[in-house]
Amino acid sequence: TDAYETILVDRAAAPRTALLTLNRPKALNALNLQVMREVVAAAEELDRSPDIGCIVLTGSARAFAAGADIKEMRPHGYMDMYLSDWFTAWDRLAQLRTPTVAAVSGYALGGGCELAMLCDVLLASDTAVFGQPEIKLGVIPGIGGSQRLTRAVGKAKAMELCLTGRTMDAAEAERAGLVSRIVPAEDLLAEALAVAETVAGMSLPVAMMAKEAVNRAFETTLTEGVRFERRLFHAVFAVADQKEGMGAFVEKRPPEFRHR
Ligand code: HXC
């Protein structure tokens with residue numbers, strides 16, 4: 001955990017949470033392969049930690065991440081991009097079971113926007129700027145942006161952003177449904193940690209099931225998705241925390257979930 005060079009990992013920012021901060025300020029947190037390896041390795045390690053109930057991913061005030069590292073990608077050709085399966089490790093963030101919160105301030109462009117969309121909850125500061133400007137560099141999104149942005153904001157806006165490279169401010173991103181909420185820049189981290197602490201205070205297996213159920217909406221038909229939800233809903237009645245949560249409500253006291 002301490003060997004990372006491009007990220008900071010803080011397990012003490014809020015109870016039962018971890019704060020992962022992108023830390024390449026000179027390059028506006030451009031996502032090179034080292035950042036990818038470190039973010040994915042740190043997130044997977046935190047995902048395996050039973051004492052971590054939520055992971056917050058953030059950048060700096062000026063930039064969440066200004067995209068994949070253009071200088072690193074520039075010299076490559078098709079064959080080495082294909083054989084190294086460039087960027088494929090990022091997909092593993094979508095497979096984490098622990099809920100994740102992206103706290104986005106400043107630029108979230110290209111790979112930065114895609115990285116934010118790999119997280120479960122997306123909180124934006126009023127200074128956030130989102131876009132998929134790859135086309136201006138003669139390329140297209142490569143970390144899922146054409147798919148996740150389209151699912152988040154719909155075809156017309158995703159097409160416009162991907163085809164023209166136009167960016168959107170936080171207000172437009174919120175109207176379009178890309179972000180869950182906008183908060184003042186100076187409150188962003190505290191608010192993201194508060195969300196994370198709230199999530200981490202729930203039953204971890206039940207939070208994982210809620211996450212799995214929502215994610216299923218993007219992978220299957222409505223009938224199959226509802227069937228999947230119903231199976232998990234029945235299954236939570238085998239988790240001790242169902243008795244605790246419902247018991248606490250009836251007894252008018254705060255719940256003390258066992259599986260946290
Ligand atoms: C490498 C980057 C970078 C990037 C910024 N920098 N973005 N380096 N890759 N994506 C570096 C700059 O080169 C510069 O380094 C330093 O960070 C500060 O950036 P400036 O441009 O001087 O800052 P500013 O004028 O404030 O402009 C900010 C900006 C601009 C509007 C965000 O940096 C910008 O347009 N960046 C690129 C955004 C972009 O196109 N992202 C998509 C990338 S492609 P020096 O050394 O000069 O000081 C992508 C593809 C995903 O993500 C998958 C496709 C395969």
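Order of listing sets the numbers, starting from 1, for every ligand and every atom in it.
- In this structure, the side chain of Thr21 does not engage the main chain of Asn23 through any donor-acceptor pair within 3.5 Å.
- When hydrophobic clusters are built by joining Ile, Leu, Val, Met, Phe, Trp and Tyr residues whose side-chain heavy atoms come closer than 4.5 Å, directly or via intermediates, Val56 is not grouped with Val39.
- Side-chain atoms of Thr221 and Thr223 include no donor-acceptor pair closer than 3.5 Å.
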Please produce the table of protein N or O atoms sitting under 3.5 Å from N or O atoms belonging to ligand 1, one pair a line, distance to 0.1 Å.
unit_1   : atom_1 : unit_2 : atom_2 : d
ligand 1 : 9 (N)  : Ala68  : O      : 3.4
ligand 1 : 9 (N)  : Ile70  : N      : 2.9
ligand 1 : 10 (N) : Ala66  : O      : 3.0
ligand 1 : 10 (N) : Ala68  : O      : 2.9
ligand 1 : 13 (O) : Lys71  : NZ     : 3.1
ligand 1 : 15 (O) : Lys71  : NZ     : 3.4
ligand 1 : 17 (O) : Lys26  : O      : 3.4
ligand 1 : 23 (O) : Arg62  : NH2    : 3.2
ligand 1 : 26 (O) : Arg62  : NH2    : 2.8
ligand 1 : 41 (N) : Ala66  : O      : 3.0
ligand 1 : 46 (O) : Lys71  : NZ     : 3.2
ligand 1 : 52 (O) : Ala68  : N      : 2.8
ligand 1 : 52 (O) : Gly111 : N      : 2.8

Quick one: side chains of residues 176-184, donor-acceptor pairs under 3.5 Å with protein atoms, not counting sequence neighbours, listed by atom name and distance.
unit_1 : atom_1 : unit_2 : atom_2 : d
Ser180 : OG     : Leu122 : O      : 3.4
Arg181 : NH1    : Glu191 : OE2    : 3.3
Arg181 : NH2    : Glu191 : OE2    : 3.4

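- Thr6 and Glu38 share a side-chain donor-acceptor pair at under 3.5 Å.
- The existence of a salt bridge linking Arg216 and Glu229 is excluded, since no basic side-chain nitrogen approaches an acidic carboxylate oxygen closer than 4.0 Å.
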